[in-house]
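Chain letters run A, B, ... following the sequence lines, proteins first, then strands; residues in each count from 1. Worth knowing before you read on, the calculation uses all heavy atoms, side chains too, and leaves out hydrogens, waters and symmetry mates.
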Number of protein chains: 2
Amino acid sequence: MPKATIDDVANLAGVSIKTVSRVVNREPNVREQTREKVENAIAQLNYRPNKAARNLASHHSHLIVLIYDDPSAYEIPSAGFIIRMQEGALRACRKANYELLIHPCRYRNKNVAVELKALIEQIRPDGIVLAAPLSNVPRVVRAIEETGTPLIRVSPGKTDGDPLYVSTNDREVSCEMTRYLASLGHKRIAFIKGHPGHKAVGNRFRGYLDGLEQSGLAASDELIAAGDNSIRSGEAAALELLERRDPPTAIFAANDDMAAGVMRVADRLGIKVPDELSVAGCDDIALAQQIYPALTTINQPLSQMTEAAVLMLTDSQRKKKKPDSPTIVPGTLKLRESTTAFAN
Amino acid sequence: MPKATIDDVANLAGVSIKTVSRVVNREPNVREQTREKVENAIAQLNYRPNKAARNLASHHSHLIVLIYDDPSAYEIPSAGFIIRMQEGALRACRKANYELLIHPCRYRNKNVAVELKALIEQIRPDGIVLAAPLSNVPRVVRAIEETGTPLIRVSPGKTDGDPLYVSTNDREVSCEMTRYLASLGHKRIAFIKGHPGHKAVGNRFRGYLDGLEQSGLAASDELIAAGDNSIRSGEAAALELLERRDPPTAIFAANDDMAAGVMRVADRLGIKVPDELSVAGCDDIALAQQIYPALTTINQPLSQMTEAAVLMLTDSQRKKKKPDSPTIVPGTLKLRESTTAFAN
DNA sequence: TTGATTTATGACAGCGCTGTCGGTAATTGA
DNA sequence: TCAATTACCGACAGCGCTGTCATAAATCAA
């Protein structure tokens, strides 16, 4: 099967190679009739443009690199997150006719910034999607920016007014969850805060406060406990909350792991979920559907976020201008079995 | 930061660009002294060879494509598998200075073969790693072979004498597990067979029979149950086995999900694992460590398998000859809490 | 109809490397 | 010592496309 080149197509169609190039790249200024001739020739010869040649001549690699924290560095099963991010990025790449290169790397590794820079200088991708938590590491962000490669950050903590990022509406959707719990008749809705260093979970707490206010409920320190995102800390926080004089009838945890901890403690204390206690989490990790009762939570639209990130990159390439506002992909409530109405 | 080209390096080092190229590509016949001059110049200018140009001139893409079944097509959390496969492939790619492109695709999709062919013709990777279960679909394998791109299959079912694959020693290691159980004093070791269409689990059954024989135990239909790889089928099989007159003291399931089903049933029946019943699985999925007691199982060296696959590809590229034997990466027993000695 | 635009197409020069091959310098063997 | 190697290095021609620009054809305005 001798591969056809652009010359073969040009000959067969009776046009110049440049015209073939125009057809292939959907450039304007080609007569409809000419276009058809060329397309027929392409089909007939099963012609596929040579990427390397195209890249070399056009100074574009048609490559997007997705950089994320390497899960194999830890024992935690963050695999689901990564698959979902890859999914979205791949979807966008296919749409825009780019390829996706994945690059897990170790967050804590001191050299990570230098290594990334070297990688980028070699590959010369047309764009980079940098996922959390790496998107929060100034050293890394700076190193990538130094290469001059367009960069979109996913769920960055601080943005400094830079619009080149995509994130979700943690605060708004947490507010919505709180209002939902209130709408079920709950008056004492507790919140378990997450790890203080984690920006997103801070927004969730603010959303919780918003929700209370919008529901006409007063916030109270009695209803707030601190956790660190781990199951264990969720257990401790739940224990603390449930043993107070006037325990909450609903607990909203800043992430699913802590919510799972709450359910575990409730089980131990003989408190029935959801009849005696509603529990809600955040993130919609795989566990949320596996535990019993299935956890009401907020889905993190990771896949849509990376998809949006890649599209920002490819779009700005076409339009030759940077986007001037970030993309916010809204999360949605996943109402499952762990929450129910509370009759006062 | 004006990117340096090979000409800049050549000028600075006072040699020809060809010599620079030789140094960069570690080709022979460069004097040590010259090499150093060039390397200094490279370092000084922070020169990185342009991939596109190199690919175009060398007719190599320095790209490996990893093709696997798209997990998002189903609800099952096969994410862990995929991450591990990617891990191994990435490790090998870095060693050999290749890039990895991932390509999930839908197993059941009728067009998958045609689409893959188109993809490959566009990208022109230097090699392809095709993971199970796609590695068992003749239509897909044929389509890829038609492109002439070197292909290594991971865990293929049938091999037809073709050595271009890597797999694990399912049979041997299952035998080992059986012998291990026997060595713990178990005389009645039951086996739950997996889905009949799944080749690997068939080998596991054979390994089980080998193990019984080597341990001087007789195989018996009384000790064999059929499953379909699901948790539910594991439960059914366990129920069947445990309610027989002379129930087994150890159950070895052809995969972890079924083993988890066994544990669940044992719990319901009030049978203590491992004291009254030892349970062993196969695959070492994430669940195996999460359940209580932690499941003794066989680890599937997925990551090493894809690593080996990529290395077969890159090595054969260097040596310009195909490997003449497959790579077998041995699995290993993961002895955890669900198995213990049985005092007769 | 004629000149002024606009649209469509092609000629040509590279993009930044690698493969080939030929030439010169260093090394070997007798 | 001198050929016969062998080690080292460079000139040169592309790889298969795209960008630029010149040119031809079509369209338009008056």
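A side-chain hydrogen bond (donor to acceptor under 3.5 Å, both in side chains) check over residues 14-23 of chain B, counting only residues at least two apart or in different chains, returns the pairs S16(B)-T19(B), S21(B)-N25(B). Identified under the salt bridge (Lys or Arg N to Asp or Glu O under 4.0 Å) test for residues 125-141 of chain B, with sequence neighbours left out: none. Applying the ring-ring contact (aromatic ring centres under 6.0 Å, His included) test to residues at least two apart or on different chains, none of the pairs has a partner in residues 23-61 of chain B.
Contacts of Q86(A) classified as side chain to side chain donor-acceptor pair (under 3.5 Å), with partners at least two apart in sequence or in another chain: Y68(A), Q86(B). Evaluation of the salt bridge (charged side-chain N to carboxylate O under 4.0 Å, His left out) rule for R124(B) yields no partner, not counting sequence neighbours. When the salt bridge (charged side-chain N to carboxylate O under 4.0 Å, His left out) test is applied to K51(A), the partners found at least two apart in sequence or on another chain are E99(A). Residues satisfying the side-chain contact (heavy atoms from CB on, under 4.5 Å) test with E32(B), not counting sequence neighbours, are R35(B), E36(B). For D8(B), the side-chain contact (heavy atoms from CB on, under 4.5 Å) partners at least two apart in sequence or on another chain are A4(B), T5(B), L45(B). With sequence neighbours excluded, no residue satisfies side chain to side chain donor-acceptor pair (under 3.5 Å) with S155(B).
Contacts between chain B and DNA chain D, taken as any atom within less than 4.0 angstrom of a protein heavy atom, begin and end at dA7(D) to dG16(D).
Sequence order on DNA chain D of the closest nucleotides to E32(B) and A57(B) puts E32(B) first from the 5' end.
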Between N or O atoms, less than 3.5 Å apart, protein on one side and nucleotides 25-27 of chain C on the other: list the pairs.
none

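Under the 4.5 Å side-chain criterion, counting only non-hydrogen atoms from C-beta, I67(B) is in contact with I128(B).
Residues from residues 14-27 of chain B with heavy atoms under 4.0 angstrom of DNA chain D, sorted by number: V15(B), S16(B), K18(B), T19(B), R22(B).
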